[in-house]
Number of protein chains: 2
Amino acid sequence: MADTEAPTRAAPLTPDRMESLALALIEEEGIEGFSIRKLADRLGCKAMSLYHHYPSKAHLMDAMLDRVLADLPLPPPDLPWRERLARAARAFHRIALAHPRFFPFFSTHRMNTRAGLIWLDGMLGLFRDAGFDEEQAARLFRAFGYFLMGAGLDETAGYSKGPSATAADAVLDAEVARVFPNVAAAGPFFRPGEREATFELGLALLLDGAEQILEARP
Amino acid sequence: MADTEAPTRAAPLTPDRMESLALALIEEEGIEGFSIRKLADRLGCKAMSLYHHYPSKAHLMDAMLDRVLADLPLPPPDLPWRERLARAARAFHRIALAHPRFFPFFSTHRMNTRAGLIWLDGMLGLFRDAGFDEEQAARLFRAFGYFLMGAGLDETAGYSKGPSATAADAVLDAEVARVFPNVAAAGPFFRPGEREATFELGLALLLDGAEQILEARP
DNA sequence: CCTACTGAACTTACGCCGTAAGGTTGTCAA
DNA sequence: TTGACAACCTTACGGCGTAAGTTCAGTAGG
């Protein structure tokens, strides 16, 4: 009676709240530590309440995909194509760094939602604008995508992570320098701080290669 | 008494049998459909028997990593470096095609077993033999690896797979050609039969790029 | 005011999962 | 014969996704 509006018991289960908390939870617990039950706890509701809003866990994951995709802008079309492509690549890479534990899921799922298709179409258009034909645009986009996927995954789920289940073998670690000299020599350049330089080298390789294709067929 | 040898009740739980059946099961059920219980059924034993041979499921997975890694040969050192590198890349790519459902796990785990280190050291040596310095070898290996990871993953877990949880939206599908012309034009080159050509284009881009680095500093 | 309906949230239950803890069996060396 | 040991089995626990059914506040129509 006193309240003219509903008291909204604690906090309503809005898509924004559910998906943001889910993303945060994944970054805390990892993608396999993430569960509907834990998310519900975090939200202050019971597990099954979430099924009122999403038909399944997979649908919730898809909604998170779209939310993260929203942070992936297309670079302004008035820049030179090489700069546009470099910016798009770095934007994608930034997604990996911003959501390291969600990224492996993100990068290996089709972007067949509307937001995903907008980005995909824009990226293909970028290659077309640069002067590549339809086939070249398709294949180059893919090749760039492979590199971006791998780079992001490596930094979030690959060598950069701790040892695999077979716990760090001290004997093996000490042996590396002796038996695997090339691995030992490469070690300093595999450190996290070196990632950006490696990423930029690979990106430059691909950009140079694309530029050569363009020059070969004027 | 009649038997001089042990009857071996049904079939012994050898590493080879366990790991081969595990890999086969993963290809049938996918990596998340794979469970210790199902593997035990397949092997004709009980779930917990497997824990006599591996301390945990993760250790079994690691053993499978090493088994698959055994199919990843280093190319003969007497070939030109570009050919060696191309062969190594194709060998890695073949792993993805041979174990499509295991590959996402394979490619995102550190190869810190002995077999993995041998391959890693050999690959880095390949770049060194080509004339790259330690830093270049490390970064180029990594950049190539990014591409190979992404290519394999895309073909085993990405766009090539069916729609994500949000089931194929017929309206959206029909709309694509109209609203996303670049996506529609690229469609034919995204088909499975086109993968190899796309892979080879990306590989050539990277090889060309590496070659240029080498020529710039003779 | 009553009623019927609706949507949000909750409850219970099922069959999976990995695995901790402990028990049983068969083989072989001493 | 005995005892150690490896190989394998049994039981049980807590967690998972989710199917099915229930509770309850708010509201529109009579």
Side-chain angles (χ1 to χ4, degrees), chain A residues 1-19 21-23 25-26 28-65 101-102 105 109 164-167, chain B residues 1-19 21-23 25-26 28-65 101-102 105 109 164-167:
Chain A
M1 283 199 180
D3 291 11
T4 56
E5 262 319 305
T8 341
R9 52 182 82 229
L13 294 180
T14 62
D16 186 78
R17 210 166 79 86
M18 290 185 284
E19 292 158 23
L21 266 178
L23 281 168
L25 192 52
I26 283 175
E28 282 178 43
E29 308 261 343
I31 206 110
E32 43 258 276
F34 170 71
S35 76
I36 293 287
R37 294 181 205 287
K38 283 183 194 164
L39 175 58
D41 276 0
R42 197 64 71 98
L43 285 161
C45 70
K46 296 306 171 81
M48 290 311 289
S49 303
L50 290 165
Y51 284 86
H52 185 77
H53 302 271
Y54 305 93
S56 75
K57 187 186 186 183
H59 282 78
L60 166 60
M61 300 296 282
D62 267 17
M64 285 189 269
L65 276 185
R101 308 188 77 165
F102 183 65
F105 179 84
H109 276 74
S164 42
T166 309
Chain B
M1 287 203 179
D3 292 11
T4 57
E5 261 319 307
T8 342
R9 52 180 81 227
L13 294 181
T14 63
D16 184 78
R17 210 166 80 87
M18 290 185 283
E19 291 159 22
L21 266 177
L23 282 168
L25 192 52
I26 284 175
E28 281 177 44
E29 309 261 344
I31 206 110
E32 43 258 282
F34 169 71
S35 76
I36 293 286
R37 292 174 191 323
K38 283 183 194 165
L39 175 58
D41 276 1
R42 199 61 73 95
L43 286 162
C45 70
K46 295 308 171 80
M48 290 312 289
S49 303
L50 290 165
Y51 284 85
H52 184 76
H53 303 270
Y54 305 95
S56 76
K57 188 186 186 183
H59 283 78
L60 167 59
M61 299 296 282
D62 268 16
M64 286 190 268
L65 277 185
R101 307 187 77 166
F102 183 65
F105 178 84
H109 276 74
S164 42
T166 309

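Every chain is numbered from 1 and lettered A, B, ... according to where its sequence line falls, protein lines coming before strand lines.
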- Query: Ignoring hydrogens and angles, are the base of dG15(D) and the side chain of R37(A) linked by a donor-acceptor pair under 3.5 Å?
  - Reply: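 No, no donor-acceptor pair under 3.5 Å.
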Measure [atom1]/[X] against [atom2]/[N] and give the value in whole Å, please.
{"X": "K38(A)", "N": "dG17(D)", "atom1": "NZ", "atom2": "C1'", "result": "14 Å"}
{"X": "D41(B)", "N": "dC9(D)", "atom1": "CG", "atom2": "P", "result": "11 Å"}
{"X": "I26(B)", "N": "dC17(C)", "atom1": "CD1", "atom2": "P", "result": "14 Å"}
{"X": "Y51(A)", "N": "dT11(C)", "atom1": "OH", "atom2": "C1'", "result": "15 Å"}
{"X": "L39(A)", "N": "dC16(D)", "atom1": "CG", "atom2": "P", "result": "11 Å"}
{"X": "F34(A)", "N": "dG15(D)", "atom1": "CZ", "atom2": "C1'", "result": "15 Å"}
{"X": "M61(A)", "N": "dT18(D)", "atom1": "CE", "atom2": "P", "result": "11 Å"}
{"X": "L50(B)", "N": "dA7(D)", "atom1": "CG", "atom2": "P", "result": "13 Å"}

Side chain of M48(A) only, heavy atoms from C-beta on: which candidate in dC8(D), dA19(D), dG17(D) is closest?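 Nearest listed nucleotide: dA19(D).
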- Nearest to the side chain of S49(A), which nucleotide is it out of dC10(C), dT18(D), dC8(D)?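 Minimum distance to the S49(A) side chain belongs to dC10(C).
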| Backbone N or O of F105(A) within a donor-acceptor pair of the H109(A) side chain at under 3.5 Å? | yes
Exercise for review: Check for a donor-acceptor pair, side chain of K38(A) on one end and backbone N or O of G33(A) on the other, with a separation under 3.5 Å.
Suggested key: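 Checking the backbone N and O of G33(A) against the side chain of K38(A), a donor-acceptor pair under 3.5 Å is found.
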*asked:* With a 4.0 Å cutoff (strictly under), does any side-chain N or O of H52(B) reach OP1 or OP2 of dC8(D)?
replied: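 For H52(B), the contact criterion (side-chain N or O under 4.0 Å from OP1 or OP2 of dC8(D)) is not met.
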Next on the checklist: Using OP1 and OP2 only, check whether a side-chain N or O of H53(B) sits under 4.0 Å from dC8(D).
Outcome noted: yes
R17(B) vs L13(B), test: side-chain contact (heavy atoms from CB on, under 4.5 Å). Steps then yes/no. CA-CA 6 Å; R17(B) 210 166 80 87; L13(B) 294 181; 3.9 Å; yes
CE (M61(B)) and CG (L65(B)) are apart, to the nearest 0.5 Å, by 7.5 Å
Run R101(B) and E32(B) through salt bridge (charged side-chain N to carboxylate O under 4.0 Å, His left out) and show every step you take.
CA-CA 10 Å; R101(B) 307 187 77 166; E32(B) 43 258 282; over 6 Å; no
- Item | Closest-nucleotide 5' rank along DNA chain D - winner of K46(B) and G33(A) |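 Checking each residue's closest nucleotide, the 5'-ward one belongs to K46(B).
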